[in-house]
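Sequence lines set the chain letters: A, B, ... in the order given, protein chains first and strands last, and positions in each chain run from 1. Only a predicted model underlies this, so the values are computations on that prediction, with no experimental measurement involved.
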Amino acid sequence: MLEHRPPDPPRTEEELLARVRALAGKTLGDIARPLHLRVPRDLRRDKGFVGQTLETALGARAGSRPIPDFWHLGVELKTLPIGKDGRPRESTYVCAVPVDALHGLVWETSHVRRKLARVLFVPVEADPARPIADRRVGRATLWSCDDDPERDTLRADWEELASLIRQGFIDRITAHRGRVLQIRPKGADAHDARATVGEDGWLLATQPRGWYLRAAFTNRVLDRHYARPAATS
DNA sequence: TATTGATCATGC
DNA sequence: GCATGATCAATA
């Protein structure tokens, strides 16, 4: 291959899908090498390595900006770490919970629904026993939350959690709530703090939180995809 | 052992 | 400081 620099962003959805199909079966080492990306020994200090490598390989340019990875296509890229059992090992971060700016939001206009409008899920082997460079990329699926059979559950979870936050109960929310969508801490550490409005209406400090899709849910997304006839080849 | 809560690196 | 990319590691 003469590819020694990151590709330009894909111009069309078809181009993006063709690129991601071409990655299926390759290892992270195969993908990182021509991009001159060093593969870390473990992910403890490089937790974003897999996602960032796939972004680069596919031509995403969003970086850490709050826009979709493929802005012009309206597509968000998410890698799914797949265990030996073939199921996602981890939940999937969606976006930050606007702990102090949820007023006036409904599901239709929520950040969660917008972020999940079109997601390209790319499964990647994540057996801890396998060296990172040897982990293979699987077949991707382009998914839309509005088309998912569990979309009503997604909405119901969002509405329940958003309602609790509006009522000032954010500090009473744990990751146990929500059947498919949950809220968990998402910050530098447990001492990270942001302002919010408490039960009594006063400002108080709380941990920053994020919306996450449960691993059991993304597992069902993959199941449904692979149960279908193969996409046009 | 599945899940929750904590944590890490980087860019702007 | 906040958003991006997530996985780690203690706990239930």
Check your understanding: Do the side chain of A:Thr174 and the main chain of A:His176 share a donor and acceptor less than 3.5 angstrom apart?
Key -> yes
Rounded distance (Å) that lies between atom [atom2] of [N] and atom [atom1] of [X]:
X: A:Arg45; N: B:dA6; atom1: CZ; atom2: P; result: 19 Å
X: A:Gln207; N: B:dT4; atom1: CD; atom2: P; result: 15 Å
X: A:His191; N: B:dC8; atom1: NE2; atom2: P; result: 12 Å
X: A:Leu37; N: B:dT10; atom1: CG; atom2: P; result: 13 Å
X: A:Leu161; N: B:dT4; atom1: CG; atom2: C1'; result: 15 Å
X: A:Glu55; N: B:dT10; atom1: CD; atom2: C1'; result: 12 Å
X: A:Arg114; N: C:dA3; atom1: CZ; atom2: P; result: 13 Å
X: A:Ile173; N: B:dT4; atom1: CD1; atom2: C1'; result: 15 Å

Review point. Does A:Trp158 share a hydrophobic cluster with A:Val221, counting links as ILVMFWY side-chain heavy atoms below 4.5 Å and allowing steps through other members?
Key: yes
Exercise for review: Report the residue (A:Ala190 or A:Asp85) whose heavy-atom-nearest nucleotide on DNA chain B is the more 5′ of the two.
Suggested key: A:Asp85
Exercise for review: State which residues pass side-chain contact (heavy atoms from CB on, under 4.5 Å) with A:Glu14; sequence neighbours excluded, sorted by chain then number.
Suggested key: A:Thr12
Check your understanding: Could you run down nucleotides 6-12 of chain C 5' to 3' and tag each one B, S or - for protein heavy-atom contact under 4.0 Å?
Key -> BBBS---
Is any side-chain nitrogen or oxygen of [X] closer than 4.0 Å to OP1 or OP2 of [N]?
X: A:Arg87; N: B:dT1; result: no
X: A:Arg214; N: B:dT4; result: yes
X: A:Gln182; N: B:dG5; result: no

Exercise for review: Look at all strands and tell whether A:Ala188 reaches a base, only sugar-phosphate, or nothing, counting heavy atoms closer than 4.0 Å.
Suggested key: base
**Study point:** From CG (A:Leu161) to CD1 (A:Ile170), nearest 0.5 Å
**Key:** 9.5 Å
Exercise for review: Could you tell me whether A:Arg214 sits above the aromatic face of A:Phe217, with NZ or CZ closer than 6.0 angstrom to the six-membered ring centre and within 45 degrees of the axis?
Suggested key: no
Check your understanding: Of A:Leu154, A:Val180, A:Leu80, which is the lone residue that meets side-chain contact (heavy atoms from CB on, under 4.5 Å) with A:Leu213?
Key -> A:Leu154
Practice item. Would you mind telling me which of B:dA6, C:dA3, B:dT7 lies closest to the side-chain atoms of A:Asp189? Key: B:dT7
Point to revise | Beyond-backbone contact of A:Leu58 with A:Pro7, side-chain heavy atoms, under 4.5 angstrom | key: no
